[in-house]
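First listed ligand is number 1; within each ligand, the first listed atom is number 1. In this chain, numbering begins with 1 at the start of the sequence shown.
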Amino acid sequence: MCGIVGYIGYRNAYPILINGLKRLEYRGYDSAGIALLNGETTIYKRKGKVSDLEKFVESGDISGTLGIGHTRWATHGEPNDINAHPHLSMNGIFTIIHNGIIENYTSLKSRLTDRGYVFKSETDTEILANLIEYIYLKGNVSAELAVRLALTKVVGAYGLVVLCNREPDKMIAARKSSPLVLGIGEGEYFVASDATPIIEYTDRVIYLNNEDVAVISRDELVLKTIKNDKLIPNIQKVDLGISEIEKNGYDHFMLKEIFEQPRSILDTFRGRVSHDKASIHLGGLFSVEERLVHAKRIVIIGCGTSWHAGMVGEYLFEDIARISVEVEYASEFRYRNPLIDKDDIVIAISQSGETADTLAAIQLAKDRGALVLGICNVVGSSISRETHAGVYMHAGPEIGVASTKAFTAQVTVLAMMAILTGYKKGVLEESRYRRLIEELSGIPEKIERILTHDAKYKAIAEEYQNAGNFLYLGRGYSFPVALEGALKLKEISYIHAEGYPAAEMKHGPIALIDRNMPVVVIATNDKSYEKIVSNIQEVKARNGIVIAIVSEGDTIIRNMADHVLEIPEAMEELTSLLSVIPLQLIAYHIAVLRGCNVDQPRNLAKSVTVE
Ligand code: G6P
């Protein structure tokens with residue numbers, strides 16, 4: 001969480017920083033701020049969005065070719081002007097922006113207070129600014145050394161950029177557990193939490209590793225560790241187009257990303273499913289295929305939507321590859337002394353590849369000798385680098401905070417993995433193998449058809465936009481979809497919603513059902529169809545409102561439900577890729593109708609880099 005951006009070069013820094021912050025706003029939007037170092041340091045910061053900051057700066061001095069910017073997701077201290085970044089050290093020598101958490105901030109603060117330091121904000125970041133300044137003045141050392149020494153005293157996570165007004169032609173960037181990318185231009189350099197603020201200017205980037213420090217002036221970039229070991233920069237080409245990170249005519253990124261799914265799924269299996277639709281190849285797993293084939297147990301870890309995709313993965317691997325699977329919240333897994341050893345395979349799922357709990361869980365699994373595979377969207381992200389092998393989702397940038405196309409890409413990857421493993425293991429017979437691949441290849445076209453019915457989803461949204469609660473029910477492969485549908489609704493519309501296995505309804509949630517309760521039931525044509533029909537009757541018997549997602553041509557549920565939304569028939573194993581689409585759109589339209597900020601829901605952030 002929190003987005004950071006920095007620029008040094010020959011252009012005016014301000015517009016680069018403001019546009020960069022707009023691109024990074026998905027990482028947090030509690031406050032925003034900018035510092036320009038142009039002889040002296042000028043800081044503008046404001047509670048609220050980047051647009052509020054822009055208005056605030058309107059008539060201010062924005063000259064300068066060196067500057068840093070920050071958009072905040074609050075951890076320490078409420079979102080207000082004072083807690084907004086950048087933070088200035090007490091004597092005004094250092095200015096800092098920071099993404100992460102300084103865990104030992106209390107002890108650092110009391111030591112600095114004993115030495116006469118006074119703090120204006122409640123943030124952990126200001127402590128770091130003062131610690132650097134204290135070391136700088138006390139030790140009479142360079143700004144770079146002061147930063148490196150200060151970082152050796154810090155426990156926690158940081159992606160940060162520091163300016164020193166006594167060394168006004170450089171910026172110092174460092175990272176540990178929070179992502180940071182450097183952009184390499186001609187006579188100019190960029191720093192950012194991800195590549196999106198940079199790609200307009202250069203496609204040459206360096207992904208910093210943990211405890212790397214970059215000392216950047218206009219004509220030189222020196223990369224070293226915090227212990228002062230020099231590093232040879234690994235410059236990579238970033239493959240990301242501007243149009244991929246713009247709304248392209250859609251009202252919201254979320255809507256664009258929902259509508260992108262036919263293409264993003266195609267991108268996920270491009271080059272992996274053969275042209276004749278007869279085989280699957282996953283280059284990233286080639287070296288570990290044998291291990292997968294002989295695996296006795298797989299543990300899938302993730303958070304949020306990625307965890308829901310992991311649940312679909314459990315059904316897929318058990319059903320298709322006959323391997324026992326457990327799905328765990330990364331945050332629970334890492335704190336409960338799990339039974340993991342070298343025979344286990346852990347699959348970590350993360351759109352951003354930066355989620356702190358997932359990263360820590362990966363470390364724990366690696367420490368215990370497990371083989372850890374990653375399913376990530378962001379190329380070069382921490383999780384993709386920390387795992388032994390993996391498969392990129394290639395869904396393109398997902399900017400809306402509520403995850404949509406990442407879910408379908410994750411399920412697509414998991415399906416490919418399960419199909420490949422089951423086939424190689426000899427438990428998936430040739431005909432089902434081929435049918436599954438054929439079905440997977442046809443999913444984009446089926447999603448395309450679902451998207452043409454958007455007006456129906458909007459009509460449902462109009463009718464139920466004022467409901468206080470929603471219940472989502474599903475069985476088997478549709479249960480994780482029910483969870484995901486409920487999550488979408490609550491995160492962007494702030495309506496309370498619960499996802500439940502349909503059969504469990506009678507053990508509790510049925511008590512909630514009355515004539516005001518919309519119940520969304522995923523009731524497609526699969527082996528529990530008759531059971532779910534009974535569940536629908538149970539809801540109707542209590543006057544609940546049933547909105548049913550059914551397979552095309554269904555006649556039975558049509559006579560019981562208040563609304564039926566048809567989706568194309570598909571093999572049960574892959575239906576989740578279809579049934580989730582109407583739920584995404586219903587949530588989207590309800591949120592819009594309620595006047596909610598769809599792309600930036602309150603209190604949330606896209607990339608959760610705190611634990
Ligand atoms: C946040 C986002 C969710 C996402 C979750 C996991 O909560 O708002 O959309 O599913 O983090 O993120 P990851 O990047 O690890 O998939």
### Query
Taking only residues two or more places apart in sequence, or in another chain, which ones meet S382 in a side-chain contact (heavy atoms from CB on, under 4.5 Å)?
R175, E354, L359, R385
### Task
Indicate the atoms forming the closest heavy-atom contact of I375 with L414, along with that distance.
CD1-CD2, 3.6 Å
### H252/Y588 aromatic ring centres below 6.0 Å
yes
### Nearest non-hydrogen protein atom, atom 8 (O) of ligand 1
A605 O, 3.1 Å
### Task
Within a distance under 4.0 Å of any heavy atom of S403, pick out the atoms of ligand 1 and give their elements.
9 (O)
#### Entry: Close-contact set for ligand 1 against S306 heavy atoms, below 4.0 Å
10 (O), 13 (P), 16 (O)
### Proximal ligand 1 atoms for T305, defined as those under 4.0 Å from one of its heavy atoms
10 (O)
### Message
Would Q410 count as being in polar contact with ligand 1, using the rule that some N or O on each side must be under 3.5 angstrom apart?
### Response
no
### Task
Look at K237 together with D203 and state whether they make a salt bridge at an N to O cut-off of under 4.0 Å.
yes
### Query
Which atoms of ligand 1 sit under 4.0 Å from any heavy atom of T355?
12 (O), 13 (P), 14 (O), 15 (O)
### Atoms of ligand 1, numbered as shown, that sit under 4.0 Å from any heavy atom of V401
8 (O), 9 (O)
### Task
For S350, counting its heavy atoms only, list the atoms of ligand 1 lying under 4.0 Å from any of them.
13 (P), 14 (O), 15 (O), 16 (O)
### Task
Examine H496 together with F470 and report whether their ring centres are nearer than 6.0 Å.
no
### Task
May I ask you to decide whether E200 forms a salt bridge with R23, counting only side-chain N to carboxylate O separations under 4.0 Å?
yes
### Summary
The closest protein heavy-atom partner of atom 6 (C) of ligand 1 is C303 O, 3.3 Å
